[in-house]
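This report concerns only the one structure given below.
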Amino acid sequence: MKYDTYKKERLEYLKDFIANSKKRPVLFVGSGFSKRYLNLPSWKKLLDILFSSDKVSFNKPLAYYLQMVKGDYPKVADKLIKKYSNYYWDNTENNPEFLYEENESVDIFLKYEICNIISKLSADIDNIDVHNHAELKYLTNVQPQMILTTNYDQLLEKVFPKYDTFIGQDYLSAELSDFKIMKIHGSITDPKSIVIDNDDYNSFRTQQEYTVAKLITYFVEYPIIFIGYSISDSNIREILNSVSKIVGSKQDNSNNIFLNNIFFVEWNESEKDPQNIDIEKLIDLGQGNSVKVNYLYLNEFSDLYNTLAQKSIDINVLKTVNKTIDNIIKSSSITDLKVDIASIDYLKDPQTFLSLLQQPDTLLSLSTIQSPDQLSAQFYLSPSELAKKAGYSNWQPMNRDIDKISSEYSIKLRKETNSYHVVISGGVTRYSDRMISLLLDYKKHKNLQKYFD
């Protein structure tokens, strides 16, 4: 296949997928994005800058330390912590006071140095006119439902000024209304938030599955576009591993988990047209596990950004409508409810939408909408996980028991959304804790009427 044909067909496929999903895309943005537009360093290059600084000295080059830890970048970063701590304690003048607080972690000096390096290297960001940039001007027409990034710099804030930004672990306690930039590895505006060394990554990994669970609706229902990452990036493998545990029931003909809503975009740096280009990629997750995702190999991104763009009303209007709906629902004596504006597909005309609120059944239908964090917190058990907790060998005999209960008590436990069960679009089934108790009592031949009164 000729490259131009490949590119056209892949972008048309992506465009059709987004249109059929009736959802805005979610962008997952990595360091390659900032390298492309700001010429910022990769992780390895950043380590090289830190190692070669005149503030520290090492007897061996960076390559030596990378070899010692088999290329584990966070472990290499650990080698820098003491060096930068010593430097800043020997040179305290004109440095911010928070660096020297007794309860501050010793890695703060390394993180502060990183923030200074990125800030200096991206000093021209204020002079970038994104609306006249060769590619970024097209990206400004994209209105993602959400943006997640592992980047520290502020280029995304420049491109999407109307989006609210959450840094580091702030997103864990944030209400997941939409149109946010979630900087999950921290930002140069807050040195303490930077994820760089081994302790940081160990802490991040323990929270990662919770993060994915909190964002379950987005990872399952929305087109996810990974851009600026290498296919072998450890961050990507760990995130996809967490996602695969949630949607593990989707498999292709080779029994590989196929995350068909995920599109991995990689930059073709070669001037030559590539041969035998993949349309899907199998990503090795380690320990014999792998997932398949959609793949696009592109030599420029203007057409990609045009493909991702959707006509819609202004983001500020959408955010206002979101807040308005929330207030309406809460004022209608419906308690503990958060409305996910993302559930209202293709909202383009605010006047038409607001007129819908005049109709008597509208509040009832809106009251069934739940936010992603509510769904993930209440319905977190896959069929296999539920079967294990309820003492079944697998989900098949469990489903037979659920259907027997449904028939006996005239309730569609697996066919409808209820307090025991929910089906997320795409056919992903999840259960709540209540189903465990129900099944355990059924196996003990107890009367179950109390569950349905």
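The CZ atom of Arg36 sits 5.0 Å away from the CH2 atom of Trp267 when rounded to the nearest 0.5 Å. Between atom NZ of residue Lys292 and atom CG of residue Leu240 there is a gap of 14.5 Å, rounded to the nearest 0.5 Å. Interatomic distance, CG of Leu11 versus CG of Leu308, reported as 8.5 Å (0.5 Å rounding). Atom CG of Leu155 and atom CG of Leu139 lie 8.5 Å apart (nearest 0.5 Å). In this structure, the separation between CZ on Phe226 and CD1 on Ile262 is 5.0 Å, given to the nearest 0.5 Å. A distance of 9.0 Å separates CD1 of Ile231 from CG of Asp278, quoted to the nearest 0.5 Å.
Residues Phe452 and Leu438 have side chains in contact (heavy-atom distance under 4.5 Å, counting atoms from C-beta outward). Looking only at side-chain heavy atoms (C-beta outward), Leu259 and Phe219 stay at 4.5 Å or farther from each other. Side-chain atoms of Asp48 and Lys45, non-hydrogen and from C-beta on, do get closer than 4.5 Å to each other. Residues Lys23 and Gln145 form no side-chain contact, since every pair of their non-hydrogen atoms from C-beta on lies 4.5 Å or further apart. Looking at heavy atoms from C-beta onward, Asp107 lies out of side-chain contact with Asp199 at the 4.5 angstrom threshold. Under the 4.5 Å side-chain criterion, counting only non-hydrogen atoms from C-beta, Leu386 is not in contact with Tyr420. For the pair Pro144 and Tyr163, the minimum side-chain heavy-atom distance is below 4.5 Å. Residues Ile117 and Leu50 are in side-chain contact: their nearest non-hydrogen atoms beyond the backbone lie under 4.5 Å apart.
Between the side chain of Ser406 and the main chain of Ile411, a donor-acceptor pair closer than 3.5 Å is present. Formation of a donor-acceptor pair under 3.5 Å by the Asp16 side chain with backbone atoms of Tyr13 is not found in this model. Tyr84 places no side-chain N or O within donor-acceptor distance of the main-chain N or O of Tyr112, the cut-off being under 3.5 Å. The main-chain N or O of Gly30 is found under 3.5 Å from a side-chain atom of Asn151 such that the two form a donor-acceptor pair.
The aromatic rings of Phe204 and His185 sit perpendicular, their planes meeting at an angle over 60°, well past the 30° parallel limit.
Aromatic rings of Phe263 and Phe17 (six-membered ring for Trp) have centroids within the 6.0 Å cut-off, being under it.
Pairs passing the salt bridge (Lys or Arg N to Asp or Glu O under 4.0 Å) check and including a residue from residues 385-395, sequence neighbours excluded, do not occur.
Counting heavy-atom neighbours within 6.0 Å of Lys15 NZ, excluding the residue itself, gives a total of 12 or less. Atom NZ of Lys7 has more than 12 heavy atoms from other residues, nucleotides or ligands within 6.0 Å.
None of Tyr297, Tyr229, Tyr295 except one satisfies the side chain to side chain donor-acceptor pair (under 3.5 Å) rule with Glu266; the exception is Tyr295. Just one of Val293, Asn241, Asn289 meets the side chain to side chain contact (heavy atoms under 4.5 Å, CB included) condition when paired with Ile283; it is Val293.
For Asp153 and Ser34, the side-chain atoms include at least one donor-acceptor pair closer than 3.5 Å. Looking at Ser384 and Ser382, their side chains never bring a donor and an acceptor atom within 3.5 Å of each other.
Salt bridge present: Asp403 and Arg414 bring a charged side-chain N and a carboxylate O closer than 4.0 Å. Salt bridge absent: Lys111 and Glu104 never bring a charged side-chain N and a carboxylate O closer than 4.0 Å.
The shortest heavy-atom contact between Thr307 and Ile18 is O-CD1, 4.4 Å.
Lys443 forms a cation-pi arrangement with Tyr392, by the criterion of a distance under 6.0 Å to the ring centre and an angle within 45° of the ring axis.
In this structure, Tyr442 has no side-chain hydrogen bond (donor to acceptor under 3.5 Å, both in side chains) partners at least two apart in sequence or on a different chain.
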Return all side-chain donor-acceptor pairs below 3.5 angstrom for residues 66-76, not counting sequence neighbours, or 'none' if the list is empty.
none

